[in-house]
Amino acid sequence: MFSTKCLSPGFSRFLSATTTHVAQALKGTPAAVIPTFETVQSPPASFISQSLLKTVPTGNMVATTTHIGRTQVRFSHTDVSMPDFSAYRRDVSQDPNQPNTSEISRRAFTYLMVAGMGVTGLHAGKNVVLEFISSMSASADVLALAKIEVDLSTIPEGKNMVFKWRGKPLFVRRRSSEEIEEVRNVDVASLRDPEDDAERVVKDEWLVVIGVCTHLGCVPIANAGEYGGYYCPCHGSHYDASGRIRKGPAPLNLEVPEYNFPNETTMVVG
C-alpha cells in the first residue's frame, strides 16, 4: 500500500487529497477525497470618477437575441415634449373629423395674390427699364440742337450756305435751272455711286447735304471743282451740283439728311 498527496501550486491552498491503493487480491476500503476550501474575502471596492466612467455604456449598443437576431438599442429621451403648432393652424383645420371646405377658397386667394403680385412686379420692372433707358438718351439741350430751321429767303440763287447741325457742317444750296438741267442729264450708270438727282432732293431748287467728304471726313469747298459742285482739296475728290462723287478717291456721294419744308420760306433739317 502506498499513498500519494497531490499538490497544485495554484490551488494548493484550496484543495488537498490523499489516495489509498490496495492490491487486487486484497479487499480494502475505497478511497475518499475530502476537499477543503478556504474563503478569501475580496477587498472593498473603491469607486472613483475613472472607475465609474468605465461602467457607463458608450456608442451604439447592440443586442443579439435568438428570435430576431441582431438588434440595435438606442437611448430615448422620454421627457421631451412634442411640439404643437395648433396656434398657427386655422380653426377650420383643427378638427380632423370635419371636411376641409375652405381649401378651394384658400387656393383661389393664393392664385389671386400670385397673379396680382406678378402683374404689379412686371409693371414696376417695365417702369424701371424705361427710366434706365431714357436716362441714357440725349439731354434737353442736345435734343434742341437735333433740328435746325433755315430761312430760305436769305440764300440767293446759285449760292451755298453752311450751317452747323449736330456738330457737322450742313450745306444748303439753291440751284439754278442750268445746274438742275446739267445734273439731270448725267448718265446714272456711269457714276461710281449710282443715284438719280430726283432721289436726292425734295424740291429741285434746293440741295441739302452734309459737308463731310466720304473719303476721310474732310470738309469740301462749295462751288468748286471740275463739276461746279464741291471739291475736297485734301485728296482731290470732285462732286457735282447734286453732291454725287464724279472724280477722286471718295467712294460714296455726300450724305443727304432728313428735312422738310413747313412753308415756302422755311426748311427744317432733322
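FYI, side chains are in, hydrogens and waters are out, and symmetry mates aren't considered; it's all heavy atoms of this structure. What you are looking at is a predicted structure, and each value in this text was computed from that prediction instead of being measured.
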Which donor-acceptor pairs under 3.5 Å do side chains of residues 123-131 form with protein atoms, sequence neighbours excluded?
from, atom 1, to, atom 2, distance (Å)
H123, NE2, N127, ND2, 3.3
N127, ND2, H123, O, 3.4

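Of all heavy-atom pairs spanning D204 and R175, the tightest one is O-NH2, 2.8 Å. Of all heavy-atom pairs spanning V183 and A241, the tightest one is CG1-CB, 3.8 Å. Minimum interatomic distance between P220 and G211 (heavy atoms only, all atoms of both residues): CD-O, 3.5 Å. Listed here is the closest heavy atom pair of R200 and Y259: O-OH, 4.0 Å. Taking each heavy atom of P249 and H235 in turn, the nearest pair found is CD-O, 3.3 Å.
Note that OH of Y231 and SG of C218 are 11.0 Å apart. Values are rounded to the nearest 0.5 Å. Atom CD1 in I180 sits 11.5 Å away from atom CG in N185 (nearest 0.5 Å). Taken to the nearest 0.5 Å, the OG atom of S242 stands 10.0 Å off from the CD atom of E199. Taken to the nearest 0.5 Å, the CG atom of D240 stands 9.0 Å off from the CG atom of L254.
Residues I148 and V202 are members of one and the same hydrophobic cluster, defined by side-chain heavy-atom contacts under 4.5 angstrom among Ile, Leu, Val, Met, Phe, Trp and Tyr. Using a 4.5 Å cut-off between side-chain heavy atoms of Ile, Leu, Val, Met, Phe, Trp and Tyr, with links allowed through other members, I245 and V201 fall into the same hydrophobic cluster. Hydrophobic clustering places V256 together with L152 (ILVMFWY residues linked when any side-chain heavy atoms are closer than 4.5 Å, directly or through intermediates). Connection of V219 to V162 is established within a shared hydrophobic cluster, with ILVMFWY side chains joined at heavy-atom distances below 4.5 Å, either directly or through further cluster members. V212 and Y230 fall within the same hydrophobic cluster, where Ile, Leu, Val, Met, Phe, Trp and Tyr residues are linked whenever their side-chain heavy atoms come under 4.5 Å apart, directly or through other members.
With a 6.0 Å radius and a threshold of 12 heavy atoms from other residues, nucleotides or ligands, K168 has its NZ atom at or below the threshold.
When each of V209, V208, I210 is checked for a side chain to side chain contact (heavy atoms under 4.5 Å, CB included) with F171, only V209 meets the rule.
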- Tell me, with the steps shown, if E182 and Y227 meet side chain to side chain contact (heavy atoms under 4.5 Å, CB included). CA-CA 10 Å; E182 182 181 355; Y227 299 91; 5.6 Å; no

- Message: Apply side chain to side chain contact (heavy atoms under 4.5 Å, CB included) to residues W206 and F261 and explain how you reach the verdict.
- Response: CA-CA 11 Å; W206 298 100; F261 296 91; 4.0 Å; yes

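Comment: E195 does not engage R244 in a salt bridge, judged by the lack of any side-chain N to carboxylate O separation of less than 4.0 angstrom. K203 has a carboxylate O that lies under 4.0 Å from a charged side-chain N of E264, or vice versa, which qualifies the two as a salt bridge.
With sequence neighbours left out, the side chain to side chain donor-acceptor pair (under 3.5 Å) criterion links E179 to R173.
Under a 3.5 Å cut-off, the side chain of R184 and the backbone N or O of D197 do not form any donor-acceptor pair. No donor-acceptor pair closer than 3.5 Å links the side chain of R246 to the backbone N or O of E226.
No side-chain heavy atom of N253 sits under 4.5 Å from any side-chain heavy atom of Y239. Looking only at side-chain heavy atoms (C-beta outward), C234 and L216 stay at 4.5 Å or farther from each other. By the 4.5 Å heavy-atom criterion applied to side chains, E205 and R174 are counted as neighbours.
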